[in-house]
A.B. asks: 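Before we start, here is the structure in question, set down as structure tokens.
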There are 2 protein chains.
Amino acid sequence: MTQSFTRLLAARLDSLPARMQQAARWIAANPHEVALLSMREQARMAGVQPATMTRLAQALGYDGFEALRAEHAAALRHAPSGLARQADGRLPLCAESAEGQALEMLTQAQGQVAELCAGDMLASLGKAAELMIRARRVYILGRRSSHAVAWHLYYALSLVTERASLLDGIGGTGLDALWHAGAEDVLFVCGVAPYTRAVVEATLQAQARDIPIIALTDSRLSPLIAARGVGLIVPTHSASFLHAMTPAFLIADILAALVARADDPGTLARLEGLDRQLAALNTYISQPLEASK
Amino acid sequence: MTQSFTRLLAARLDSLPARMQQAARWIAANPHEVALLSMREQARMAGVQPATMTRLAQALGYDGFEALRAEHAAALRHAPSGLARQADGRLPLCAESAEGQALEMLTQAQGQVAELCAGDMLASLGKAAELMIRARRVYILGRRSSHAVAWHLYYALSLVTERASLLDGIGGTGLDALWHAGAEDVLFVCGVAPYTRAVVEATLQAQARDIPIIALTDSRLSPLIAARGVGLIVPTHSASFLHAMTPAFLIADILAALVARADDPGTLARLEGLDRQLAALNTYISQPLEASK
DNA sequence: CGCACTATGCATCATATGTTGATTTTATGC
DNA sequence: GCATAAAATCAACATATGATGCATAGTGCG
């Protein structure tokens, strides 16, 4: 996006003083904001003195901060339309070359993500989030290619609540934990064709015991979808040898966010505090580490 | 793009005085510039007095020109996506409602996926795949929010090759396996800010031992990027409390596909056979199971 | 240990910004 | 044609902005 700045930075970051690095890192992480916020606001967000911003710009060879902003503004002017295809439209878009296949998969993923907005996905997401919010416990299940999706949802939820359980086989718990579940809980299950046998069976048993089920799957006809609960249907076609799990992953991510926003706001605030703390700690840590290489 | 302003304008343009119309027309024609130029410059370009700009904003119900600029800045921030927005432009696109936040995250993800095609991503993907193909072993590392990405890559690779090792802490192996790695191997590491300390340290040690490193991370300045190897930069901004990992997930998925296609074609064929077999088995299974509910 | 040097924080400066009140011009109705 | 109101220009204001000089704290070197 901001070619010149990022390149300059990558080359000379190490030789910059600490606070300038801190400022530079913030800018690198929020390039959009450079042209949209005042320098002082950016300084505040980066946790740096206003003067440091000016000096950073000058240290990189700009006349001043205004010059830096001008560059980023120019990037912002030209960027917005930047739908990637046109830039690389010459590529064959086929499996002939590695780049071709990569581009095809990227393009396909883009289309699949766009599809997600259609239909009743938004409403279903809302309903699913509602179920999870009201549930006593949230059991999460996903095997094979769906494991990453399940794990991500579990990880995200576990940051804001202790009501989540991952039904993986590690450590001996496995599916057994489901026996404690009841109608006040909810089972989130992710699975795509070919459905893993154990997952299907567990889901059907849960269904028989009136546990509401949120099914993230690839078809309305999926065996995972239950009458009591919500079905979240995502596309899985892929130019790869595996089914595309990116849409499912994204939906799980959104689900976690929706649950988090409705959960105890204090929890979320604490989390943000932790995040900031970790971020601050990191910039502190990465210095000596980078230097010691 | 600037929903509210354009809408207001369409409704009340005719009832505005001449110079205000002149100003409004210029803004309507150059909406990008509203947030990027100072009000006085815009006034000059529109051939209008500075005061007219302020009064136009107020006439439309804004507090002042700054409020108008804020709206356009927000639009610019979310700009790269835009496709999904038009489909559901009625929704507030803010964290007010659950649906609003879901839509915002979907929109954002769409833009981020589109961004991935830009720059040198395709070339870097090719290089990374090449490294992994030639490597004796592929070590895969990712903790916390990056774990799902690492796991997915490991799972996909393990379907087509036995050369992959996941460096997770489960079962006691942990990072120790890295000690067997050398310059003929490759380390795939995924991590976003705030970088997990153990991951950074392991990466730096690997770097010191000349192990090529494929770093899937969020910035060119990430401590995970090594001189020897490839950096894959993905956007991670999110409207959620967690960083967006969907782009990283997609890149890992593509990487696995690229490695698979170059690997022994026989393996792939076998895999497809297995897949079909499982699918056939499943449809057989799911029938009686669904009937038995 | 002391020196020189740099980096950082603080206070200040000149300036440009968005806004508002006053004044002049233009349009409109009687 | 005149009186009134609306609109546009002008001028001035308070303020926030980016830049800079200076003093202090920190660091590396002899």
A.B. asks: CG of B/Leu37 versus P of C/dA16: gap in Å, rounded?
C.D. replies: 16 Å
A.B. asks: In whole angstroms, how far is the C1' atom of C/dA16 from the CZ atom of B/Arg69?
C.D. replies: 12 Å
A.B. asks: Identify which nucleotide among D/dT20, C/dG9, D/dA19 has an atom closest to any side-chain atom of A/Met39, counting heavy atoms from C-beta outward.
C.D. replies: D/dA19
A.B. asks: Figure out the CD/C1' separation between A/Gln42 and D/dT17, and round it to whole Å.
C.D. replies: 12 Å
A.B. asks: In this structure, how many angstroms lie between the C1' atom of C/dT20 and the CE atom of B/Met53, rounded?
C.D. replies: 17 Å
A.B. asks: Output the rounded distance in Å from CG (B/Leu56) to P (D/dT9).
C.D. replies: 14 Å
A.B. asks: Give a yes/no on whether any side-chain N or O of B/Gln49 is located under 4.0 angstrom from OP1 or OP2 of D/dA11.
C.D. replies: no
A.B. asks: Please work out if B/Ala18 contacts a base, only the sugar-phosphate, or nothing of the nucleic acid, heavy-atom cut-off 4.0 Å.
C.D. replies: sugar-phosphate
A.B. asks: Quick one: B/Glu66 CD to D/dT15 C1', roughly how many Å, whole number?
C.D. replies: 11 Å
A.B. asks: In whole Å, what is the span from the CG atom of A/Leu68 to the P atom of D/dT17?
C.D. replies: 17 Å
A.B. asks: Ignoring hydrogens, what is the shortest heavy-atom contact between B/Val149 and B/Met245? Give both atom names and the distance.
C.D. replies: CG2-CE, 3.9 Å
A.B. asks: Between A/Gln21 and A/Arg25, do the side chains contain an N or O donor and an N or O acceptor separated by less than 3.5 Å?
C.D. replies: yes
A.B. asks: Taking for each residue the nucleotide of DNA chain D with the nearest heavy atom, is it A/Gln58 or A/Glu41 whose nucleotide lies nearer the 5' end?
C.D. replies: A/Glu41
A.B. asks: Would you confirm whether the ring centroid of A/Phe249 sits within less than 6.0 angstrom of the ring centroid of A/His152?
C.D. replies: yes
A.B. asks: Below the 4.0 Å mark, does D/dA8 have OP1 or OP2 next to a side-chain nitrogen or oxygen of B/Arg55?
C.D. replies: no
A.B. asks: Whether the side chain of A/Arg40 and the base of D/dG18 hold a donor-acceptor pair under 3.5 Å is what I'd like checked.
C.D. replies: yes
A.B. asks: What is the distance, to the nearest angstrom, from the CG atom on A/Leu16 to the P atom on C/dT6?
C.D. replies: 15 Å
A.B. asks: To the side chain of B/Phe65, which of D/dT20, D/dT9, C/dG18 is closest?
C.D. replies: C/dG18
A.B. asks: Can you tell if the side chain of B/Val186 reaches within under 4.5 Å of the side chain of B/Tyr139, non-hydrogen atoms only?
C.D. replies: no
A.B. asks: Between B/Gln101 and A/Arg261, is any side-chain donor less than 3.5 angstrom from a side-chain acceptor?
C.D. replies: yes
A.B. asks: Does a side-chain N or O from A/Ser38 land closer than 4.0 Å to OP1 or OP2 of D/dT17, or not?
C.D. replies: yes
